[in-house]
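Here's the structure we're looking at; comments come further down.
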Amino acid sequence: MSEKKSNPKPIRWSVFIPCFIVIGGAALLGIINNEWLTAVTSGIFGWSLSNFGWLYQIVAMVTLIVAFLLTFSKVGKIRFGGPDAKSKYSFGSWFAMTLTGGIATGLITYGVNEVLIYFGNIYGELDGYGIQPLSDEAGYFAMGRCFYNWTFIPYAMYALSGVIIAYMYFNRKKELSVAASLTPLFGDKITTGVWKAIIDTLSVLAIALGLAASLGAGLALIGTGLSAAYGVAQGPVVWFTLTAIITATFTIASVTGIDKGIKWLAGLTSKIFYVLLILLFIIGPTVYILNMANVGLGYWLDRFWMWGFDPYLVGGEALVTWWTMYDWAIWIAYAPLMGIFFAIIAHGRTVRQFMIINWLLPSVFGYVWFSVWGSTALKWQTDGKADIISAIQEGGAVAGIWEFLKHVPLGSILIPVIIVALIAAFSTTADTMSTTIATLCTKDSRHDEEPAIWQKIVWGVSIGLIACIMVAFGGGAQGVDGVKYLAACGGFVVLAIFVLQVAAAIKVFFLDPETKKDIVDSVDQVEKAEK
């Protein structure tokens, strides 16, 4: 595959115009009447997750099972593009783009904070289970619940959406769109007319809202870091300045294209992640980290089915609705368009390789990350080395990491590195998504062509503006309530589409006789051809 070419193709106005009106209108509304915007998104947040939590949980568990079957069944032999298709990116570059493109600021934001919020029962997360805060079991619960929220289940959502899009595009020769992934259920008619426009429009809206929520959480986190480390007071001026810097970073990277800006930024971000992980494992309580990694995993597996199907009746809304359901909502909001990006860079890879890179390895990375960062934070909290819980109570749900970093050797050096990592991490996700949104808004788009530059700029600026508004005016009890409302809205918008993608994947991979023709040992064929 050659370098990506500029795409002079016409715009899909049926997708671009309604998305721009809603996203631009939300940004304008936030400036004019931010209280009303926050109230509306809050209402949707509560209503959608309270009434459809059961569906989110069922979809999550079914997705996990399908991901497992795709990875370890004969379907895994299918090669995207046919048996002779060649991949463009090395495994290292491929994994860097999928890892950093998919997690945004999540691991850094909550690797310490979420574990300690559960441990200290700061917002009532332990009440449903009657666990005593600050107890040994509270620590086991905190680790297990974070493993549940941040590993195999959510990454299965990304991977499943990506694998069905990639297969339908490369092997069934359908167009590169979310609507095309549903053709196993509805035929080619779903890719024409009003239904195609509705599906792709909702997918763009979902990712835009989810992306704005992630940027909002990142802004809140960086703002608390600047305040804690350097005494910079938080406020609209700081947030708008940070928004401008981050938006400019990811927009420039998006404009330069996947092979240059995105690939380079992903490589930088992943290297920072690796260094931070190794460094903390060495200087942290290594034996304690290994012990808690074991116990936390066992605690989750022991409660696997209850946690997997509880809509909030057992665990309570403070835990299930505000954390797990919020997580599922934002992962689902990202899934269809993240799936398009994952499909674009998967040409020449097998289904099994795709699932390993997009499901198994990121899940393992999340498990290791929370084991190292979360366990170290627990140890320092219980030993009195750092009072992370008080920092969260005083500064909001994302403030604990800065108190944690103050006590890390070379913390004065690590804090600015973390801030840079946060900017790079979000920028990596945002530039992939602004590129993907622009691709979806372009007629007859292809995986080897770049969409129009002006589109990338429009979407990048719009997303950044919404995020900044929600952080500035929708803080709430946790400091990031507004962005959580926004993310839940995005997930709910695309929930029905994601459910249909799951059903389409089940049908095409396991029930369609045509697919059996593609289940050949592609790896052996390619190796023989190379010899």
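The first residue in the sequence is number 1, and the count goes up from there.
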Check: Asn149/Tyr110 side-chain N/O donor and acceptor closer than 3.5 Å: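 No donor-acceptor contact under 3.5 Å links the two side chains.
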
Between Trp150 and Glu114: side-chain donor-acceptor atoms closer than 3.5 Å: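 Trp150 vs Glu114: donor-acceptor pair found between side chains.
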
Side chains of [X] and [Y]: closer than 4.5 Å at any heavy-atom pair?
X: Ile65; Y: Phe68; result: no
X: Thr98; Y: Tyr89; result: no
X: Ile283; Y: Val408; result: yes
X: Val287; Y: Asn291; result: yes
X: Met325; Y: Ser48; result: no

To the nearest 0.5 Å, how far apart are [atom1] in [X] and [atom2] in [Y]?
X: Met97; Y: Leu99; atom1: CE; atom2: CG; answer: 12.0 Å
X: Ile332; Y: Met157; atom1: CD1; atom2: CE; answer: 4.5 Å
X: Leu64; Y: Ile153; atom1: CG; atom2: CD1; answer: 5.5 Å
X: Leu319; Y: Leu126; atom1: CG; atom2: CG; answer: 8.0 Å
X: Thr382; Y: Lys379; atom1: OG1; atom2: NZ; answer: 5.5 Å
X: Ile506; Y: Leu70; atom1: CD1; atom2: CG; answer: 9.0 Å

Output a table of donor-acceptor pairs, distance under 3.5 Å, between side-chain atoms of residues 494-502 and any protein atom two or more places apart or on a different chain; print 'none' if there are none.
from   : atom 1 : to     : atom 2 : distance (Å)
Gln501 : OE1    : Ser161 : OG     : 2.7
Gln501 : NE2    : Ser161 : OG     : 3.4
Gln501 : NE2    : Ser181 : OG     : 3.0

Inter- and intrachain pairs under salt bridge (charged side-chain N to carboxylate O under 4.0 Å, His left out), touching residues 489-512, at least two apart: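 As it turns out, the salt bridge (charged side-chain N to carboxylate O under 4.0 Å, His left out) pairs with a partner in residues 489-512, which skip direct neighbours, are Arg172-Asp512.
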
Sequence neighbours excluded, every pair satisfying salt bridge (charged side-chain N to carboxylate O under 4.0 Å, His left out) that has a member inside residues 63-72: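 For residues 63-72: none.
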
Reference residue His347; test ring pair (Phe, Tyr, Trp, His ring centres under 6.0 Å); the match among Tyr169, Phe80, Phe170, Phe342: Phe170

Aromatic plane relationship, Tyr118 with Phe141 - under 30° parallel, 30 to 60° tilted, over 60° perpendicular: perpendicular

Listed partners of Ala179 passing side-chain contact (heavy atoms from CB on, under 4.5 Å), at least two apart: Ser177, Lys196, Ile199, Asp200

Those residues that, when tested against Ser375, pass side-chain contact (heavy atoms from CB on, under 4.5 Å) (two or more places apart): Met143, Tyr288, Ile289, Met292

Taking all atoms of both residues into account, what is the closest heavy-atom pair of [X] and [Y], and its distance?
X: Gly124; Y: Asn121; answer: C-OD1, 3.0 Å
X: Leu182; Y: Ala504; answer: CA-CB, 4.4 Å
X: Leu202; Y: Val493; answer: O-CG1, 3.5 Å
X: Gly111; Y: Phe370; answer: CA-CE2, 3.7 Å
X: Leu313; Y: Asp310; answer: N-OD1, 2.9 Å
X: Gly400; Y: Ala391; answer: CA-CB, 4.4 Å

Distance flag, aromatic centroids of Trp322 and Phe45, threshold under 6.0 Å: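 Yes.
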
Ring centers of Tyr123, Trp323 separated by less than 6.0 Å: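 For Tyr123 and Trp323, the ring centres are not under 6.0 Å apart.
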
Only distances under 3.5 Å count here; give the side-chain donor-acceptor pairs of residues 414-425 to other protein atoms, sequence neighbours excluded, each with its distance to 0.1 Å.
none

Arg349 charged N/C atom sitting above Phe91 aromatic ring, 6.0 Å / 45°: yes

Intermediate values then yes/no, side chain to side chain contact (heavy atoms under 4.5 Å, CB included), Leu69 and Phe509: CA-CA 10 Å; Leu69 294 175; Phe509 287 119; over 6 Å; no

CA sep, side-chain torsions, deciding dist, call: Ile388, Ile392, side chain to side chain contact (heavy atoms under 4.5 Å, CB included): CA-CA 6 Å; Ile388 302 168; Ile392 295 173; 4.2 Å; yes

Verdict with supporting geometry, Trp373 and Ile401, side chain to side chain contact (heavy atoms under 4.5 Å, CB included): CA-CA 10 Å; Trp373 285 73; Ile401 188 174; 4.2 Å; yes

Please enumerate all residues that pass ring-ring contact (aromatic ring centres under 6.0 Å, His included) together with [X], with sequence neighbours excluded.
X: Phe309; answer: none
X: Phe510; answer: none
X: Phe119; answer: none

Between side-chain atoms of residues 357-368 and protein atoms elsewhere (two or more places apart, or another chain), which donor-acceptor pairs fall under 3.5 Å?
from   : atom 1 : to     : atom 2 : distance (Å)
Asn358 : ND2    : Phe354 : O      : 2.9
Trp359 : NE1    : Phe152 : O      : 2.9
Ser363 : OG     : Thr151 : O      : 3.2
Ser363 : OG     : Trp359 : O      : 2.6
Tyr367 : OH     : Ala293 : O      : 2.9

Stepwise side chain to side chain contact (heavy atoms under 4.5 Å, CB included) test for Arg145 and Thr324: CA-CA 9 Å; Arg145 193 71 186 191; Thr324 301; 2.8 Å; yes

Pairs flagged by side chain to side chain donor-acceptor pair (under 3.5 Å) wherever residues 49-72 is involved - sequence neighbours left out: Gln57-Tyr148, Gln57-Trp328

Check residues 298-307 and write down every donor-acceptor pair under 3.5 Å in which the side-chain atom is one partner and the other belongs to a residue at least two apart or another chain.
from   : atom 1 : to     : atom 2 : distance (Å)
Tyr299 : OH     : Glu137 : OE2    : 2.9
Arg303 : NH1    : Tyr299 : O      : 3.2
Trp307 : NE1    : Tyr129 : OH     : 3.4

Heavy-atom donor-acceptor pair, Thr286 side chain to Phe281 backbone, under 3.5 Å: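 Checking the backbone N and O of Phe281 against the side chain of Thr286, a donor-acceptor pair under 3.5 Å is found.
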
N/O donor-acceptor pair under 3.5 Å between Asp518 side chain and Arg79 backbone: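 Checked: no pair found.
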
